[in-house]
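Written below as C-alpha cells is the structure these notes are about.
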Amino acid sequence: MKVKIVNNSAYPSPAYATPLSAGMDLKANLDGPVTLGPLERALVPTGISIALPAGYEAQIRPRSGLAAKKGITVLNTPGTIDADYRGEIKVILVNLSSEPFEIVPGERIAQMVIARHETVEWEETAHLDSTLRGEGGFGSTGTK
C-alpha cells in the first residue's frame, strides 16, 4: 500500500527494520535535548505528516526497549492517527521512572503501526443475545 508522507524532519522517513516488522520507529524531531523528569510528560514532534486511505489508521505505540529499560512510554497508547488528519504526528511521552530521561534529537521514541479498521452502524435493540460469560468482566473468567 502506498501512503503519501511529508517529511519535514532532519531524518529519513519511518521504515520497517526487518521484512516482518509490524511497526516503524518514529524519531524525535527536536532542536535540542528535552529532559523528562519523573512522572512528567511531553508532546514530542516527529516532523512527519501522512495521508492514510479511508479505512486505515496509524497506531502510535511505545517502544519496548524504552519502556523496559528507561520507563518511558506513550501516555495515550495506542495513540490514533485518523485517515483524515493531515497535521504533524506528535507523540505524548511520559516518564514513569524515578530518574530524569533526556530525549535527544533523532531518538527513536515510539513506533507506528498502520492498521485497517471498520466503521460501524449502530443497530438499536432492547436486548442482546445471551452468552456463557454474560456480564462478567474484570477478572470474572478465573485466576489461572
Is there side-chain contact between [X] and [Y], with at least one heavy-atom pair below 4.5 Å?
X: Val91; Y: Leu43; value: no
X: Arg63; Y: Arg108; value: yes
X: Ser9; Y: Lys27; value: no
X: Thr73; Y: Leu96; value: yes
X: Leu66; Y: Phe101; value: yes
X: Val34; Y: Val44; value: no
X: Leu30; Y: Val104; value: no
X: Leu93; Y: Leu75; value: no

Is it possible for you to say whether [X] and [Y] belong to one hydrophobic cluster, with membership spreading through side-chain heavy-atom contacts below 4.5 Å?
X: Val74; Y: Met24; value: yes
X: Ile5; Y: Tyr16; value: yes
X: Val3; Y: Val113; value: no

When rounded to the nearest 0.5 angstrom, what distance separates [atom1] in [X] from [atom2] in [Y]?
X: Glu107; Y: Leu26; atom1: CD; atom2: CG; result: 12.5 Å
X: Ile89; Y: Ile81; atom1: CD1; atom2: CD1; result: 4.5 Å
X: Ser49; Y: Glu88; atom1: OG; atom2: CD; result: 6.0 Å
X: Met112; Y: Ile60; atom1: CE; atom2: CD1; result: 5.5 Å
X: Lys70; Y: Asn95; atom1: NZ; atom2: CG; result: 10.5 Å

Between [X] (side chain only) and [Y] (backbone N and O only), is there a donor and an acceptor less than 3.5 Å apart?
X: Ser97; Y: Glu99; result: yes
X: Tyr56; Y: Ala115; result: no
X: Ser21; Y: Thr18; result: yes
X: Asn29; Y: Pro45; result: no
X: Arg86; Y: Ala83; result: yes
X: Thr80; Y: Gln59; result: no

- Item | Minimum heavy-atom distance between His117 and Glu57, given as atom pair plus value | CD2-N, 3.9 Å

- Task: Of all the heavy-atom pairs spanning Pro100 and Pro38, show the shortest one and how long it is.
- Result: N-CD, 4.1 Å

- Task: Please check if any side-chain donor atom of Asn7 sits under 3.5 Å from a side-chain acceptor atom of Ser13, or the reverse.
- Result: yes

- Item | Working for side-chain contact (heavy atoms from CB on, under 4.5 Å), residues Met1 and Ile114 | CA-CA 10 Å; Met1 170 174 74; Ile114 306 300; 3.6 Å; yes

- Task: Run through Ile48, Asp25, Thr46 and flag the one making a side chain to side chain contact (heavy atoms under 4.5 Å, CB included) with Pro14.
- Result: Ile48

